[in-house]
Amino acid sequence: QVLLTEYGGGSVQAGDSLRLSCEVYGDTGSNSRNYMAWFRQAPGKEREGVAVTRPNGEIIFYADSVQGRFTISQNKAKNMLYLQMNGLKPEDTAMYYCATGLRSGFDAVLPGSYDFWGQGTQVTVSS
């Protein structure tokens, strides 16, 4: 069993920065499943992938909409996952979730591919 807890969201102005954190408790039981990902879901929209890392920390995906502005990183010693968000835009407003436990053979960018999720942290960006 894996428990994920996100924090760091808030209400900011366009152009501001936020750093989201995700604390990971437990283990998936298989290193190959330990992909770490950030997703987001805006009201009335489907959950979408924001950034994904392999178990070894290699970054394999950024959404086009966040490329160059957001950075995903890990501190394995502290069991932490981060999302540094710079140059925030109103369209970044969403609930942000971290996820792990990639199912074998599934696409790491799709939300349905993960077994473990945090409760989410809200990011609101006003213009």
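The chain is numbered in sequence order, starting from 1.
- For the pair Ser113 (side chain) and Asp107 (backbone), a donor-acceptor distance under 3.5 Å is present.
- Under the 4.5 Å side-chain heavy-atom criterion for ILVMFWY residues, a single connected hydrophobic cluster contains both Trp38 and Val12.
- With sequence neighbours left out, the side chain to side chain contact (heavy atoms under 4.5 Å, CB included) criterion links Gln122 to Thr93, Met95, Thr124.
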Note to self: Please evaluate residues Gln74 and Met80 with respect to the criterion side chain to side chain contact (heavy atoms under 4.5 Å, CB included), reporting the C-alpha separation (whole Å), side-chain torsions for both, the decisive distance (0.1 Å), and the verdict.
What the structure shows: CA-CA 6 Å; Gln74 296 185 62; Met80 295 292 296; over 6 Å; no

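- Residues Ser127 and Ala14 approach most closely at CA-CB, 4.2 Å, considering heavy atoms.
- Judged by the 6.0 Å and 45° rule, Arg19 forms a cation-pi pair with Tyr82.
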Margin query: Walk me through whether Ile72 and Val52 qualify under side chain to side chain contact (heavy atoms under 4.5 Å, CB included).
Written below: CA-CA 7 Å; Ile72 186 172; Val52 180; 5.8 Å; no

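- More than 12 non-hydrogen atoms from other residues, nucleotides or ligands lie less than 6.0 angstrom from CD of Glu58.
- Within the structure, disulfide (SG to SG under 2.5 Å) pairs that include any residue of residues 27-82 do not occur (at least two apart or interchain).
- Looking at Arg103 and Tyr114, their side chains never bring a donor and an acceptor atom within 3.5 Å of each other.
- Residues passing the side chain to side chain contact (heavy atoms under 4.5 Å, CB included) test with Gln67 are Tyr62, sequence neighbours excluded.
- Rounded to the nearest 0.5 angstrom, Asn86 CG and Thr71 OG1 are separated by 6.5 Å.
- Here the closest heavy-atom approach between residue Val2 and residue Thr28 is recorded as CG2-N, 3.6 Å.
- Counting heavy atoms from C-beta on, the side chains of Thr5 and Tyr25 come closer than 4.5 Å.
- With rounding to the nearest 0.5 Å, the separation of CG in Leu110 from CZ in Arg47 is 13.0 Å.
- Applying the ring-ring contact (aromatic ring centres under 6.0 Å, His included) rule to pairs touching residues 88-112 yields nothing, sequence neighbours excluded.
- Annotation: Phe39 is in aromatic contact with Trp117 [ring centroid separation under 6.0 Å].
- Annotation: disulfide (SG to SG under 2.5 Å) contacts involving residues 81-127, sequence neighbours excluded, comprise Cys22-Cys98.
- In this structure, the side chain of Thr100 does not engage the main chain of Met36 through any donor-acceptor pair within 3.5 Å.
- Nearest approach of Leu81 to Ser73, heavy atoms of both residues: CD1-O, 3.3 Å.
- Pairs engaging residues 60-83 under the salt bridge (charged side-chain N to carboxylate O under 4.0 Å, His left out) rule: Arg69-Asp92 [sequence neighbours left out].
- With hydrogens and angles left out, the side-chain atoms of Ser126 and Gln13 include a donor and acceptor closer than 3.5 Å.
- Here the CG-CG distance, from Asp27 to Asn79, works out to 9.0 Å after rounding to the nearest 0.5 Å.
- Between the side chain of Glu6 and the backbone N or O of Gln119 there is at least one donor-acceptor pair closer than 3.5 Å.
- Linking Ile, Leu, Val, Met, Phe, Trp and Tyr whenever their side-chain heavy atoms come within less than 4.5 Å puts Val24 and Phe116 in one cluster.
- Although no hydrogens or angles enter the test, the distance criterion places no donor-acceptor pair under 3.5 Å between the side chain of Thr121 and the main chain of Tyr7.
- Atom CD of Gln84 sits about 9.0 Å away from atom CG of Leu20, to the nearest 0.5 Å.
- Counting only distance, with no hydrogens or angles, the side chain of Arg40 and the backbone of Ala94 share no donor-acceptor pair below 3.5 Å.
- Linking Ile, Leu, Val, Met, Phe, Trp and Tyr whenever their side-chain heavy atoms come within less than 4.5 Å puts Leu4 and Val50 in one cluster.
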Checklist line | Verdict with reasoning, Met85 to Val123, per side chain to side chain contact (heavy atoms under 4.5 Å, CB included) | finding: CA-CA 10 Å; Met85 305 186 297; Val123 173; 3.8 Å; yes

